[in-house]
Amino acid sequence: MLAPAKLQQLHALIEQSTSEEWLWMSGYLAGLARGNDAAQLPPASNKATANGIVTVLYGTETGNSKKVATTLAGKLKQAGRKTKLVAAEQYKLQQLSAEETLLIAISTQGEGEPPANAKALYDYLHQLQTPLQGLQYAVVALGSKSYPLFCQAGIDVDAQLKRLQATAIAPIALCDDDYEPVADAWMSNVLTALQQQAPVAKPAAAVVSVQSSGKKTFTATLGVNQLLNDTGSNKKVHHLEFDLPEELVYLPGNAVGVTPHNSASVVAQIIQLLQVQPDAIFSFKQQSASAKHLLTQVVSISHLTTAVVKKYAQLIQTDIPDTRIDLFDLLRIYPWPSEFAAQQLFDILNPITPRLYTISSSPNTHPGQIHLTAALHEFDTEEGSKHGFGSTYVTQLKPGTKVDMFLHQQKHFQIPRSDRHLIMLAYGTGIAPFRSMVAERDATGASGKNWLLFAEENRVTDFYYQSEWQSLHETGSLHQWHVGFSTNTQQQKTLQQLVLEHEEQLWQWLNSGAYVFISGEKAVAGKPVEEALLQLIARKQQSSEEAAANYLKELAKEGRYAKELY
Ligand SMILES: Cc1cc2nc3c(=O)[nH]c(=O)nc-3n(C[C@H](O)[C@H](O)[C@H](O)COP(=O)(O)O)c2cc1C
C-alpha cells in the first residue's frame, strides 16, 4: 500500500500521462523491482495497435519546409501510405509517444533557432525523458550556409530523437538555399526505406458500438475549445476537441448527443425561490435525485413551453398569459406558494432535450478524440437578442470539463464506399461531417475523389479549417474545392449558385457513381440547394423536374444522396 501523500502524487502523474506512458511506467516499475537498470527499460511505445500512419511534420517560417513536407506527403499517399501532414504548431505533443513513423522538415531561424511554429515541439523534444524506442523517424533540415549555425535546428531535432532512442530510417539531410535537390534525394531515401518495410495493413473499418444496444453513453473530457472565426465575424463557431475513453469507436457521419446543463447561478436562485434544500430528494420521470442535480442536469428551466406555463397557472390558480418564459422569471413573477410541495412543480416540468452535433474528427486521423464544430446560436426575441441554451453550454465549455455524451448513428449519412467520388455541399458548420469523412478517406488511402463546395458569410473570417483543406488539396486528398461567401464581393455566391456554376462536372461525377451529400442549416442548405440539384439534373437529362426528383430518390435509396440539415 502507498501512504496517502504518495498515492496523491501517483494520481497526479497518472492524470498527466497518456495510456502509452502508463504502459511504459508499468514495465519500468516492474523492471526496477526486478533490479534491472535504466538501459533495460521497456520500449516507450509498446503500441497496443499499429495504425500504419506516417506523420509528416513541418516547422517553417517562409514556407520552404512546408513545400518539402507537402511534396513528401503527396508522394507517400501516391505510394499508398496512410499519411498525415501537420504544421508543427498544430501538432499535439502528447501524440508523440503514440507515433510510429515521424518525418520532419524543419528550417533554422534567428541564430540557430527553430522557426516560431516549431518552438514548442523543439522544446518538448529537449525536455522529454520518456524513451521513444518504438518510433522511426527522419529529418530534413533547411537552412543557409551563409549563417554560422547551418541547419542547427534540424540537427538538434535529429540528435534529440536519437537520444530518445528513436530509430532513423534515413540519415539527416542538410539543405542550403537551393534546397530542392538535397530534399528530393532525402525523400527518395525515406520512400525507399519505407517501401522495404512490410506493408502495413489498412486500418480496419471502425466498429460502432451503438447499434442494437441503443444509446452508447460515455464521458469525454474537453481538451481544446477554440473560436474558429476571426475578429469582425458575425458568427461564433467553436472547434472542440474531446478526449475519449479508449474503448469508444465511431464512424464518420456519426453524431454525438450532449445534454446541456443549466447555469449554476440560476439554479441556486430557483432553489431559493422554491425554499427547498439543494440536496433534498425529488423524483422526476423514473429517477430520484437532489433538487440541485435535477435542476442543473435533468429538467428544462429555460424557455418553458406554453403547456408547462398553463399547468403551472392551474396549479397555483393564477391567471398567467399564454407565453414562453424561463422558470426563474415565472417563479419570480408568480411566486410558488410556500405551502405547496415542490414535487408538484417537478411533476409538470419537461426534461432537457439532448442536442446532436455531427462529429468533425476522423477515427484514424484523430485517434482517441472526438471533435465537434459548434456554432453559438443567436436569435432575436421581444426582450432583445438571446443565445441558444444548448449552443451556449457547448461553446462555453472549459478545457478539463467532463461531458456526458451518447453516440448517435445517422443511418442515412455514412461515409461513402472508398472507391467512389464524394461531392460535399456544405454551409457553415455543415462542414463538420465532411472534415471527418475526408480526413478518414485520407488516412485510409481511399481511391475515390473528394470535392468540397462550401458557402458561408465572410471569406476572411469564416472559412473553417481553411489550412487543413489547403493541405489536403496539396497532397491530393481533396481533389477540388469551390467556395462562396455572402458578404465577400469577389466570391459573392450562395451554395446553390456554386452547384449551378459547376453543373457540367457535377453531372459527370454523379454519372460516374459519386455520392452527393448536403450538410448545414435547413434554411440555407436545404430546399434551395436541393432545388438547384433538381434543376441541374432536369436540364442534363432533359427531363421534367418530377423525373429529376425520381433520379435523386434512386440515389438516396442507394445511400448516394443524403442530407444532414438542422
Ligand atoms: C532571419 C533569418 C535567420 C536565419 N538563420 C539561419 C541560421 O541560423 N542557420 C541556417 O542554416 N539558416 C538560417 N536561415 C535560413 C533559412 O533557414 C532558410 O532560408 C530556409 O530555407 C527557410 O526555410 P523555411 O521557409 O521553411 O523557414 C535564416 C533565415 C532568416 C530569414
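Whatever order the structure lists ligands and atoms in, that order sets their numbers, starting from 1. Computation of the quantities below employed the complete heavy-atom set of this structure, encompassing side-chain atoms and omitting hydrogens, waters and symmetry-equivalent molecules.
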Item to check | Within 6.0 Å of NZ in K119, more than 12 heavy atoms from elsewhere | outcome: no
Checklist entry - Contact between P115 and ligand 1, counting heavy atoms under 4.0 Å? => result no
Checklist entry - At a 4.0 Å cut-off, with the gap strictly under it, does some heavy atom of Q109 reach an atom of ligand 1? => result yes
Item to check | Pair D442 + K77: basic N to acidic O under 4.0 Å | outcome: yes
Next on the checklist: Can you confirm, on distance only, whether ligand 1 has an N/O atom lying under 3.5 Å from any N/O atom belonging to E111?
Outcome noted: no
Checklist entry - So which heavy atom on M437 is nearest to which on P416, and how close? => result SD-CD, 4.1 Å
Checklist entry - Heavy atom under 4.0 Å from ligand 1: found in Y147's side chain, backbone, both, or neither? => result side chain
Checklist entry - In terms of atom number and element, which parts of ligand 1 are under 4.0 angstrom from non-hydrogen atoms of F150? => result 11 (O)
Checklist entry - Atoms of ligand 1 less than 4.0 Å from T60 heavy atoms? => result 24 (P), 25 (O), 26 (O), 27 (O)
Item to check | Close approach of Y179 to ligand 1, heavy atoms, under 4.0 angstrom | outcome: no
Checklist entry - Purely on distance, is any nitrogen or oxygen of T62 under 3.5 Å from one on ligand 1? => result yes
Next on the checklist: I need the contact type for S65 against ligand 1. Using non-hydrogen atoms and a strict under-4.0 Å cut-off, is it side chain, backbone, both or neither?
Outcome noted: both
Item to check | Taking every non-hydrogen atom, the tightest pair across A443 and N364 | outcome: CB-CB, 3.7 Å
Checklist entry - Can you say whether the rings of Y464 and F454 are parallel (under 30°), tilted (30 to 60°) or perpendicular (over 60°)? => result perpendicular
Item to check | Those atoms of ligand 1 less than 4.0 Å from some heavy atom in G112 | outcome: 8 (O)
Checklist outcome for this item: Heavy atoms of S233 and T461 approach each other most closely as CB-OG1, 3.4 Å
Checklist entry - Between W451 and H482, do the side chains contain an N or O donor and an N or O acceptor separated by less than 3.5 Å? => result yes
Item to check | Subset of ligand 1 atoms that lie under 4.0 Å from at least one heavy atom of C151 | outcome: 10 (C), 11 (O)
Checklist entry - So, do T358 and Q410 sit near enough that their side-chain heavy atoms are less than 4.5 Å apart? => result yes
Checklist entry - Is there a side-chain contact between F242 and V224 (heavy atoms, below 4.5 Å)? => result no
Checklist entry - Can you name the one residue among H479, H421, R441 that meets side-chain hydrogen bond (donor to acceptor under 3.5 Å, both in side chains) with N450? => result R441
Next on the checklist: Show the atoms of ligand 1 that are less than 4.0 angstrom away from any heavy atom in L149.
Outcome noted: 7 (C), 8 (O), 9 (N), 10 (C), 11 (O)
Checklist entry - With a cut-off of 4.0 Å, which atoms of ligand 1 are near a heavy atom of S107? => result 17 (O), 22 (C), 23 (O), 24 (P), 26 (O), 27 (O)
Checklist entry - Any idea how H371 and H239 line up, ring-wise: parallel (<30°), tilted (30 to 60°), or perpendicular (>60°)? => result perpendicular
Item to check | Nitrogen or oxygen of K66 less than 3.5 angstrom from that of ligand 1 | outcome: no
Checklist outcome for this item: atom 16 (C) of ligand 1: closest protein heavy atom, distance to 0.1 Å, is T108 O, 3.4 Å
Checklist entry - Which residue and non-hydrogen atom of the protein lie closest to atom 21 (O) of ligand 1, and at what distance in Å? => result N64 ND2, 2.9 Å
Checklist entry - What protein heavy atom sits nearest atom 10 (C) of ligand 1, and how far away is it? => result S144 N, 3.4 Å
Item to check | Nearest-neighbour protein heavy atom for atom 3 (C) of ligand 1, which is reported as residue plus atom name and distance | outcome: G110 N, 3.3 Å
